[in-house]
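Within every chain, numbering begins at 1; the chains are lettered A, B, ... in the order of the sequence lines, protein sequences first and strands thereafter.
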Protein chains: 2
Amino acid sequence: MKYSKQREIILQIVQNSMDHPTADKIYEKARMELPNISLGTVYRNLNQLAEAGTIRKISTGTSDRFDKTLKDHCHFHCTKCEKIIDLPVVYVAQLKEDLMRKEGHKIEYEEILFTGICKECLEERKED
Amino acid sequence: MKYSKQREIILQIVQNSMDHPTADKIYEKARMELPNISLGTVYRNLNQLAEAGTIRKISTGTSDRFDKTLKDHCHFHCTKCEKIIDLPVVYVAQLKEDLMRKEGHKIEYEEILFTGICKECLEERKED
DNA sequence: GTAACTGCAAATCCTTTGCTATGGA
DNA sequence: TCCATAGCAAAGGATTTGCAGTTAC
């Protein structure tokens with residue numbers, strides 16, 4: 001892969017994001033550094049980086065999100081505040097183990113997404 | 001919800017499918033019974049049925065799939081033969097339990113998708 | 001020099017929506 | 001009758017692609 005300033009910035013944005021941004025959010029941020037960057041370039045680079053395994057695509061059903069971490073594949077999506085929380089990897093280890101040992105499949109990729117109301121929103125709701 | 005022949009057939013198709021079809025595949029099948037049915041109607045009904053909890057939408061990242069079972073939320077997607085296998089619910093129970101008890105979130109929906117090579121494809125590969 | 005890259009815009013794909021007509025309760 | 005639903009077609013949104021110019025190596 002040949003170097004490009006655009007790809008470097010896109011990668012930086014994903015790596016510095018805590019909030020699993022959409023392609024569009026990444027585009028917005030990238031334009032602050034490179035005002036002429038195009039949305040097509042953002043998509044092309046996100047796909048390249050995801051294919052290379054440097055970043056990761058998460059499908060929530062409503063939109064695609066991008067994630068820096070390759071190790072945290074367990075997410076919780078709060079439908080109230082719309083945030084996506086990384087969940088401890090340790091919780092998923094046993095599940096994965098069972099699927100490989102007991103079912104005999106080879107797992108190359110896991111996408112675990114729980115949806116509901118996060119702890120913080122639940123606490124706010126109590127105050128209502 | 002008012003009865004309609006279209007919805008009945010769409011529901012039947014999803015319930016009789018073992019392969020978690022896309023909206024388009026469901027449309028194709030529905031046209032065999034009702035040649036004039038429109039794709040819009042298929043989408044509308046699939047969304048209604050999913051919202052009502054009768055069927056379920058699964059996002060694989062490449063496309064949305066529909067699923068009849070409300071209890072089996074754990075899927076394995078084989079990238080070789082492209083099939084989606086339901087996985088035993090029991091495996092996910094502990095994971096869910098941990099997330100609710102230890103993290104304090106309220107889980108309303110879970111989407112668990114493992115991707116890789118299924119047992120059958122692994123066995124075929126050995127014979128190559 | 002050349003292959004990979006960019007920006008731009010058009011194309012594509014999937015899904016939703018607006019409209020008028022129809023059909024179930 | 002009346003409201004939900006249908007079919008059709010157009011709109012919508014997200015993503016991809018074609019092209020001509022540019023840049024890294």
Side-chain angles (χ1 to χ4, degrees), chain A residues 1-14 17 19-67 77 79 82 84 111 113 115, chain B residues 1-14 17 19-67 77 82 84 111 113:
Chain A
M1 221 189 294
K2 196 156 79 174
Y3 171 86
S4 84
K5 188 75 188 162
Q6 287 84 347
R7 189 178 307 115
E8 190 194 359
I9 286 177
I10 288 164
L11 179 56
Q12 260 178 35
I13 290 169
V14 177
S17 293
D19 58 347
H20 310 77
T22 58
D24 213 61
K25 284 269 175 288
I26 294 162
Y27 172 57
E28 274 176 36
K29 285 190 187 174
R31 282 209 297 181
M32 293 178 192
E33 305 251 351
L34 295 172
N36 292 327
I37 197 171
S38 76
L39 186 55
T41 297
V42 172
Y43 273 106
R44 262 188 297 238
N45 279 297
L46 286 172
N47 286 338
Q48 269 188 0
L49 291 167
E51 201 148 323
T54 314
I55 65 168
R56 180 176 171 76
K57 216 187 239 189
I58 313 165
S59 303
T60 69
T62 47
S63 63
D64 281 351
R65 305 288 203 93
F66 293 89
D67 187 5
H77 175 213
T79 51
E82 280 293 324
I84 293 185
E111 183 54 63
L113 182 68
T115 306
Chain B
M1 223 190 291
K2 197 156 76 173
Y3 171 86
S4 84
K5 187 76 190 161
Q6 287 82 350
R7 183 156 45 243
E8 190 194 358
I9 285 178
I10 288 165
L11 178 56
Q12 260 178 34
I13 290 168
V14 177
S17 293
D19 58 346
H20 310 77
T22 59
D24 214 60
K25 284 268 175 288
I26 293 162
Y27 172 56
E28 274 176 36
K29 285 190 189 175
R31 282 210 295 180
M32 293 178 192
E33 305 251 352
L34 295 172
N36 291 326
I37 197 171
S38 75
L39 187 54
T41 297
V42 172
Y43 273 105
R44 262 189 297 236
N45 279 297
L46 286 172
N47 286 337
Q48 268 188 0
L49 291 167
E51 202 149 321
T54 315
I55 64 168
R56 180 177 170 75
K57 217 187 238 189
I58 313 164
S59 302
T60 67
T62 45
S63 62
D64 283 349
R65 305 288 201 94
F66 293 87
D67 187 4
H77 175 212
E82 280 293 325
I84 293 184
E111 184 55 63
L113 182 68

For the student: nearest non-hydrogen atoms of B:Phe66 and B:Thr22, plus distance: CD1-C, 4.4 Å
Would you mind reporting whether A:Ile55 and A:Ile10 have side-chain heavy atoms less than 4.5 Å apart? no
B:Asn45 side-chain N/O to D:dA6 phosphate OP1/OP2 under 4.0 Å: yes
Rounding to a whole Å, what distance do you find between A:Leu46:CG and D:dA14:P? 15 Å
Angle between the two end axes of the helix from C:dG1-D:dC25 to C:dA25-D:dT1, five base pairs per end, rounded to 10 degrees? 40°
Heavy-atom protein contacts under 4.0 Å, nucleotides 20-25 of chain D, coded B base, S sugar-phosphate only, - none: ---BBS
Answer yes or no: is there a side-chain heavy-atom contact under 4.5 Å between B:Lys29 and B:Ser17? yes
Interatomic distance, A:Arg44 atom CZ to A:Ser4 atom OG [nearest 0.5 angstrom]: 10.5 Å
Rounded off to whole Å, could you give me the CZ-to-C1' distance for the A:Arg7 and C:dA4 pair? 9 Å
If I take atom CD in residue A:Gln48 and atom C1' in nucleotide D:dT16, what distance separates them, rounded to the nearest angstrom? 13 Å
If I take atom CD in residue B:Glu8 and atom P in nucleotide C:dG23, what distance separates them, rounded to the nearest angstrom? 16 Å
Rounded to the Å, how far apart are B:Glu28 CD and C:dC14 P? 12 Å
Would you mind building the protein contact string for nucleotides 7-12 of chain C? One character per nucleotide, 5' to 3', B for base within reach (heavy atoms under 4.0 Å), S for sugar-phosphate only, - for untouched. BB----
With sequence neighbours left out, what residues match B:Met32 under side-chain contact (heavy atoms from CB on, under 4.5 Å)? none
Under the salt bridge (Lys or Arg N to Asp or Glu O under 4.0 Å) test, residues paired with A:Glu8 that sit two or more places apart: A:Lys5
Rounding to an integer number of Å, can you tell me how far B:Tyr43 OH sits from D:dG12 P? 18 Å
From CZ (B:Arg7) to CE (B:Met1), nearest 0.5 Å: 5.0 Å
Any base atoms under 4.0 Å from B:Asn47, or only sugar-phosphate, or nothing? Heavy atoms, all strands. sugar-phosphate
Can you tell if the side chain of B:Asn45 reaches within under 4.5 Å of the side chain of B:Leu11, non-hydrogen atoms only? no
According to side-chain contact (heavy atoms from CB on, under 4.5 Å), who are the partners of A:Glu33, at least two apart in sequence or on a separate chain? A:Ile9
Hey, could you give me the CG/CD1 distance between B:Leu46 and B:Ile26, rounded to the nearest 0.5 Å? 4.5 Å
How long is the line joining CD1 of B:Ile10 and C1' of D:dA6, in whole Å? 11 Å
In Å and rounded to the nearest 0.5 Å, what is the NE2 to NZ distance from A:His20 to A:Lys25? 15.0 Å
Would you kindly give the CG-to-P distance between A:Leu49 and C:dC5, to the nearest whole Å? 11 Å
